[in-house]
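For reference, the structure discussed in these notes is given below.
Please read all numbers here as calculations on a predicted model, not as lab measurements.
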Amino acid sequence: MTNDFQSTVSEITFERNKEVSLEETRELPTVSEVDNAKCECCGMCEECTHEYIKRVRDMFSGKLICGLCAEAVNVEMEKNGGKREEALKEHMSDCVKFNRLGRSHPALYQAEDVKKILKKTLSRAMSTSPTGFKGSQSEIGTGGTQGR
């Protein structure tokens with residue numbers, strides 16, 4: 001009985017050594033070098049491989065942009081009918097404005113947005129009304145109430 005046990009151990013050891021030698025002969029895949037890359041829109045830094053950086057630059061006219069900005073550009077493309085160059089310029093313009101004003105003075109940035117919304121609303125009201133904005137200045141100043 002002792003002989004059978006030694007034989008079994010020997011076979012397991014042989015198989016194990018054979019597996020280890022096979023693993024040693026396999027070469028590990030090379031790890032790509034990673035660099036810190038800064039988004040040319042928002043300024044965020046990411047670790048990226050050289051291959052990824054090249055793909056992004058090829059896709060976005062030589063500009064290196066982060067994944068978040070790339071998604072924003074894609075949304076902008078949907079709005080403008082698929083023009084990537086135009087969408088990229090629009091998004092970069094928005095990022096420049098935000099980085100200049102929004103980060104240092106967020107309240108001013110929000111006020112600027114509210115101003116734009118009000119202008120759009122007013123222009124829509126003017127365009128949908130057949131004669132423009134109805135009412136005289138005196139009615140506007142009194143809230144449109146007469147004879148009270």
Euclidean distance, Leu122 CG relative to Leu118 CG, rounded to 0.5 Å:
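Between atom CG of Leu118 and atom CG of Leu122 there are 8.5 Å.
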
Pairwise distance CG(Asp94) to SG(Cys69) - rounded to 0.5 angstrom:
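So the CG of Asp94 and the SG of Cys69 are separated by 10.5 Å.
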
Step by step, would you call Leu64 with Lys38 a side-chain contact (heavy atoms from CB on, under 4.5 Å)?
CA-CA 7 Å; Leu64 178 60; Lys38 187 174 181 180; over 6 Å; no

Quick one: list whatever passes side-chain contact (heavy atoms from CB on, under 4.5 Å) with Leu68, sequence neighbours left out.
Cys66

Among all residues two or more places apart in sequence or in another chain, which pass the side-chain contact (heavy atoms from CB on, under 4.5 Å) test with Lys119?
Lys115

Of all heavy-atom pairs between [X] and [Y], which one has the smallest distance, and what is that distance?
X     : Y     : result
Ile53 : Cys48 : CG1-CB, 3.7 Å
Glu47 : Val34 : CB-CG1, 3.4 Å
Cys41 : Ile65 : SG-CG2, 3.7 Å

Check: residues 84-92 side-chain donor-acceptor pairs under 3.5 Å, at least two apart:
from  : atom 1 : to    : atom 2 : distance (Å)
Glu85 : OE2    : Ser61 : OG     : 2.0

What pairs of residues pass the salt bridge (Lys or Arg N to Asp or Glu O under 4.0 Å) test when at least one of them lies in residues 51-72, not counting sequence neighbours?
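Of all non-adjacent pairs touching residues 51-72, those that pass salt bridge (Lys or Arg N to Asp or Glu O under 4.0 Å) are Glu40-Arg57, Lys54-Asp58.
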
Quick one: does Glu33's side chain get under 4.5 Å of Thr49's, heavy atoms only?
no

Suppose we screen for side chain to side chain donor-acceptor pair (under 3.5 Å). Which residues come up paired with Glu46, at least two apart in sequence or across chains?
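In terms of side chain to side chain donor-acceptor pair (under 3.5 Å), with neighbours along the sequence ignored, Glu46 is linked to no residue.
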
Listed partners of Ser93 passing side chain to side chain donor-acceptor pair (under 3.5 Å), at least two apart
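By the side chain to side chain donor-acceptor pair (under 3.5 Å) rule, Ser93 matches no residue at all.
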
Strictly by side-chain hydrogen bond (donor to acceptor under 3.5 Å, both in side chains), give each pair with a member in residues 72-82 just once, sequence neighbours left out.
none

